[in-house]
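Remarks on the structure that follows.
Just so we're clear, the structure is a prediction, and the values are computed from it rather than from any experiment.
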Amino acid sequence: MESNGLCSQKQQCLLQTAHKKKDVNHLTEEMTQQTPVKIHLKTVIKQDTESESYELMLFGNFYQKGNAFFLKYDEEVEEGTVHTIVKIADNNAVILRSGAIKMRLSFHMDVEKNGSYESTFGTLLLSTKTEKIEHIKTTKNEGLINLAYDLLMQGSSSGKYEMSINYKEA
């Protein structure tokens, strides 16, 4: 390939243009509009013949990045503050928790996915067998996320979980 001044200048211009586009895309992603939302989270855990139900009302933020939707919220527990991000896209989802509790759960329809839970005793291996992933948007900043899954801890069943997350612009 010939390396004359014009070719070199043209390549630099193309590279600069590519970097500018990348920078604009990066800024656009960084500036994703987050909408404050009120969240109603309900979890039902079934183990053998027993059933437990937990409900939380909290505030957080909802936003979309590409084809993925995100809910971010903080929860106060005995150990301190837990920062949670729920990501849902197509037929998969992820729940990330950090702070006082560190946990990662991945969900994909009909596929067993590995996850983890960090405790003072060490890291426990978790896995999920997802039965349902559903995201129903009723308006731009309002909707319902439903997850149903079997949770396995260190390979043993820890119960069947049904989680519903209603969110609505606050």
Hey, can you tell me if His135 and Phe69 have their rings parallel, tilted or perpendicular (30° and 60° cut-offs)? perpendicular
Could you tell me if the side chain of [Y] sits less than 4.5 Å from the side chain of [X], heavy atoms only?
{"X": "Ser51", "Y": "Val44", "answer": "yes"}
{"X": "His40", "Y": "Lys168", "answer": "no"}
{"X": "Tyr54", "Y": "Leu41", "answer": "no"}
{"X": "Phe70", "Y": "Ile85", "answer": "yes"}
{"X": "Tyr63", "Y": "Lys72", "answer": "yes"}
{"X": "Ile39", "Y": "Ile165", "answer": "yes"}
{"X": "Val86", "Y": "Tyr73", "answer": "yes"}
{"X": "Tyr149", "Y": "Met163", "answer": "yes"}

Full working for side-chain contact (heavy atoms from CB on, under 4.5 Å) between Tyr167 and Ile145: CA-CA 8 Å; Tyr167 62 94; Ile145 297 171; 4.3 Å; yes
Starting at [atom1] of [X], measure out to [atom2] of [Y] and round the result to the nearest 0.5 Å.
{"X": "Ile136", "Y": "Asn146", "atom1": "CD1", "atom2": "CG", "result": "6.0 Å"}
{"X": "Glu52", "Y": "Thr43", "atom1": "CD", "atom2": "OG1", "result": "11.0 Å"}
{"X": "Gln34", "Y": "Lys65", "atom1": "CD", "atom2": "NZ", "result": "9.0 Å"}
{"X": "Glu55", "Y": "Ser164", "atom1": "CD", "atom2": "OG", "result": "8.0 Å"}
{"X": "Lys38", "Y": "Asn166", "atom1": "NZ", "atom2": "CG", "result": "11.0 Å"}
{"X": "Glu76", "Y": "Leu58", "atom1": "CD", "atom2": "CG", "result": "10.5 Å"}

Minimum heavy-atom distance between [X] and [Y], given as atom pair plus value:
{"X": "Leu152", "Y": "Ser157", "answer": "CD2-N, 4.2 Å"}
{"X": "Gly99", "Y": "His83", "answer": "CA-CD2, 4.2 Å"}
{"X": "Phe62", "Y": "Lys140", "answer": "CE2-O, 3.5 Å"}
{"X": "Val82", "Y": "Ala100", "answer": "CG2-CB, 4.1 Å"}
{"X": "Thr84", "Y": "Ile95", "answer": "CG2-CG2, 4.1 Å"}
{"X": "Asp150", "Y": "Glu131", "answer": "OD2-OE2, 3.5 Å"}

In this structure, would [X] and [Y] fall into the same cluster of hydrophobic residues linked by side-chain contacts under 4.5 Å?
{"X": "Leu56", "Y": "Phe59", "answer": "no"}
{"X": "Tyr117", "Y": "Leu125", "answer": "no"}
{"X": "Val77", "Y": "Tyr161", "answer": "yes"}
{"X": "Ile101", "Y": "Leu96", "answer": "no"}

Check whether any side-chain N or O of Ser106 sits under 3.5 Å from a backbone N or O of Val94 as a donor-acceptor pair, and report yes or no.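 Not confirmed, Ser106 side chain does not pair with Val94 backbone.
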Side chain of Glu112, backbone of Thr128: donor and acceptor closer than 3.5 Å?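 Here the side-chain-to-backbone pair does not exist.
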Over 12 non-hydrogen atoms of neighbours within 6.0 angstrom of CD in Glu50: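 Atom CD in Glu50 is not packed in, count stays at 12 or less.
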Does atom NZ (Lys42) have a neighbourhood of more than 12 heavy atoms from anything else shown, all under 6.0 Å? no
If you apply the rule side-chain contact (heavy atoms from CB on, under 4.5 Å), what do you find for Leu126 with Met103, and how did you get there? CA-CA 9 Å; Leu126 304 175; Met103 183 183 78; 4.3 Å; yes
Derivation and outcome, side-chain contact (heavy atoms from CB on, under 4.5 Å), residues His108 and Thr130: CA-CA 6 Å; His108 193 286; Thr130 307; 5.6 Å; no
Side chains of Thr35 and Glu169 only: does a donor on one sit below 3.5 Å from an acceptor on the other?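 Judged by distance alone, the side chains do not pair up.
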Using a strict cut-off of less than 4.0 Å between a Lys/Arg side-chain nitrogen and an Asp/Glu carboxylate oxygen, indicate whether Glu75 and Arg97 qualify as a salt bridge.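 Yes, charged N to carboxylate O under 4.0 Å.
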Salt bridge check: are Glu162 and Lys132 linked by an N-O gap of less than 4.0 Å? no
Can you list the steps and then say if Leu147 with Ile133 is a side-chain contact (heavy atoms from CB on, under 4.5 Å)? CA-CA 5 Å; Leu147 291 171; Ile133 296 177; 3.8 Å; yes
